[in-house]
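Report on the following structure.
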Amino acid sequence: LIKRGIGITLCCCQTRVIRIDANILGHIATDFVALIIQNAQFHTNTGTGRFKQIAEAIGKIGTEQYTTCLAKILQSNTSYDSLFISAFFKNSPPEQLYSNLSPMDEKRSIAPYFVNAYLLDPWYLRFLDGIDDGVYRLAEHIADEFTHSEYYCNYYAKTALRDEMGVFIHINDEASLVLSLGRRSQN
């Protein structure tokens with residue numbers, strides 16, 4: 001995330017630039033964090049610590065430290081242990097913007113996703129269908145036979161994800177910012 005002029009520019013893999021108004025990031029840092037925490041299970045951080053983290057993240061908007069602060073807020077206030085941020089596009093593959101996954105999880109999760117797994121991803125398919133901005137749990141947006149699907153058998157089962165939450169933020173008619181919070185099984 002790089003601040004440029006009056007807005008924020010997200011540089012996606014050096015091939016595409018998405019211009020986002022700073023208000024969107026402020027929205028993430030306040031309203032969406034509150035929604036994520038409200039919708040997540042097993043709140044682990046209570047009291048003033050949460051508000052200090054949010055204030056710190058807001059102070060970091062426009063800096064390289066913003067996404068790391070955002071990840072810390074989300075992980076300490078929910079039972080999720082990873083954050084992956086990508087940009088989804090209508091007519092081209094998604095692009096990675098941020099990940100705090102371990103190198104091993106990156107290799108088994110992120111690399112195959114961008115090769116072709118995204119084409120069957122329930123989140124990507126919901127984006128193509130025009131999902132509204134919001135916070136969603138994957139379990140509430142998949143078919144009962146998800147664990148028998150091609151996507152699950154060939155990709156998702158290998159990621160070690162036990163639960164996933166997606167935050168969708170509409171950028172324009174062709175793109176959305178997607179924050180994916182994951183809870184991985186213990187190895």
Side-chain angles (χ1 to χ4, degrees), residues 1-2 8-13 18 20 24-45 49-88 94-114 117-118 121-124 126-127 131 133-141 155-156 158-171 175-187:
L1 300 172
I2 303 167
I8 303 294
T9 300
L10 295 176
C11 297
C12 308
C13 303
I18 304 170
I20 298 179
I24 291 174
L25 292 177
H27 192 66
I28 293 169
T30 53
D31 295 342
F32 272 116
V33 168
L35 277 172
I36 293 165
I37 292 168
Q38 183 179 21
N39 285 294
Q41 299 174 350
F42 311 113
H43 303 254
T44 57
N45 182 14
R50 179 182 303 162
F51 300 111
K52 288 179 184 177
Q53 289 176 323
I54 292 171
E56 180 183 356
I58 290 170
K60 301 288 185 185
I61 291 174
T63 71
E64 292 181 17
Q65 295 84 27
Y66 174 73
T67 48
T68 301
C69 287
L70 181 61
K72 286 179 185 176
I73 290 171
L74 298 174
Q75 287 176 223
S76 67
N77 287 285
T78 69
S79 59
Y80 294 95
D81 54 24
S82 65
L83 175 63
F84 177 73
I85 303 174
S86 57
F88 282 5
E95 295 186 25
Q96 179 178 343
L97 301 174
Y98 174 82
S99 170
N100 67 354
L101 296 171
S102 70
M104 183 175 73
D105 285 332
E106 284 255 352
K107 184 177 180 179
R108 70 179 171 194
S109 297
I110 305 306
Y113 181 82
F114 288 108
Y118 75 90
D121 176 12
W123 288 143
Y124 187 70
R126 295 302 178 280
F127 160 73
I131 194 168
D133 285 1
V135 180
Y136 303 94
R137 288 199 59 208
L138 183 62
E140 297 167 358
H141 288 271
Y155 171 72
Y156 200 83
K158 297 173 187 174
T159 68
L161 283 165
R162 294 186 303 131
D163 191 17
E164 190 175 357
M165 183 180 287
V167 180
F168 287 77
I169 302 154
H170 180 83
I171 296 172
S176 283
L177 188 66
V178 180
L179 289 76
S180 177
L181 290 91
R183 185 178 317 135
R184 286 177 161 50
S185 59
Q186 300 299 321
N187 294 331

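Sequence positions, counted from 1, serve as the residue numbers for this chain.
When all heavy atoms of Ile169 and Leu179 are compared, the pair lying nearest together is CD1-CD1, 3.8 Å. Of all heavy-atom pairs spanning Lys60 and Cys69, the tightest one is CG-SG, 3.6 Å. Closest approach of Pro112 to Lys107, counting heavy atoms only: CD-O, 3.3 Å. Scanning both residues, Pro122 and Leu138, for their nearest heavy atoms gives CB-CD1, 3.8 Å. Across all non-hydrogen atoms, the minimal contact from Tyr155 to Arg108 is CE1-O, 4.3 Å. Residue Lys72 comes nearest to Gln53 through the heavy atom pair O-NE2, 4.0 Å, listed as atom of the first residue, atom of the second, then distance.
By the 4.5 Å heavy-atom criterion applied to side chains, Ser82 and Asn100 are counted as neighbours. For the pair Glu106/Gln96, a side-chain contact is recorded, criterion being any heavy-atom separation below 4.5 Å from C-beta on. At a threshold of 4.5 Å between non-hydrogen side-chain atoms, the residues Tyr80 and Met165 count as touching. Tyr98 places none of its side-chain heavy atoms less than 4.5 Å from the side chain of Phe84. Side-chain contact between Asp163 and Arg137: present, with at least one pair of heavy atoms (C-beta onward) separated by less than 4.5 Å. The closest side-chain heavy-atom distance from Asp105 to Ile110 is not below 4.5 Å. By the 4.5 Å heavy-atom criterion applied to side chains, Leu177 and Val167 are not counted as neighbours.
Between Tyr124 and Phe88, the distance separating the two ring centers is shorter than 6.0 angstrom. Aromatic pair Tyr118/Trp123: centroids not less than 6.0 angstrom apart.
Counted by atom type alone, Glu164 and Tyr156 present one or more donor-acceptor pairs between their side chains at under 3.5 Å. Side-chain N/O atoms of Ser86 and Glu95 include no donor and acceptor closer than 3.5 Å.
Here CG of Asp81 is found 12.5 Å from OG of Ser76. Values are rounded to the nearest 0.5 Å. Considering CG of Leu101 and OG of Ser180, their distance stands at 8.5 Å, rounded to 0.5 Å. Of the inter-residue distances, the one linking Ile85 atom CD1 with Leu70 atom CG reads 5.5 Å to the nearest 0.5 angstrom. To the nearest 0.5 angstrom, Thr68 atom OG1 is 9.5 Å from Leu83 atom CG.
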**Request:** Go through the steps to decide whether Phe168 and Val135 satisfy the test side chain to side chain contact (heavy atoms under 4.5 Å, CB included), and finish with yes or no.
**Result:** CA-CA 7 Å; Phe168 287 77; Val135 180; over 6 Å; no
**Stepwise side chain to side chain donor-acceptor pair (under 3.5 Å) check, Arg184 with Ser109** = CA-CA 11 Å; Arg184 286 177 161 50; Ser109 297; 3.1 Å; yes
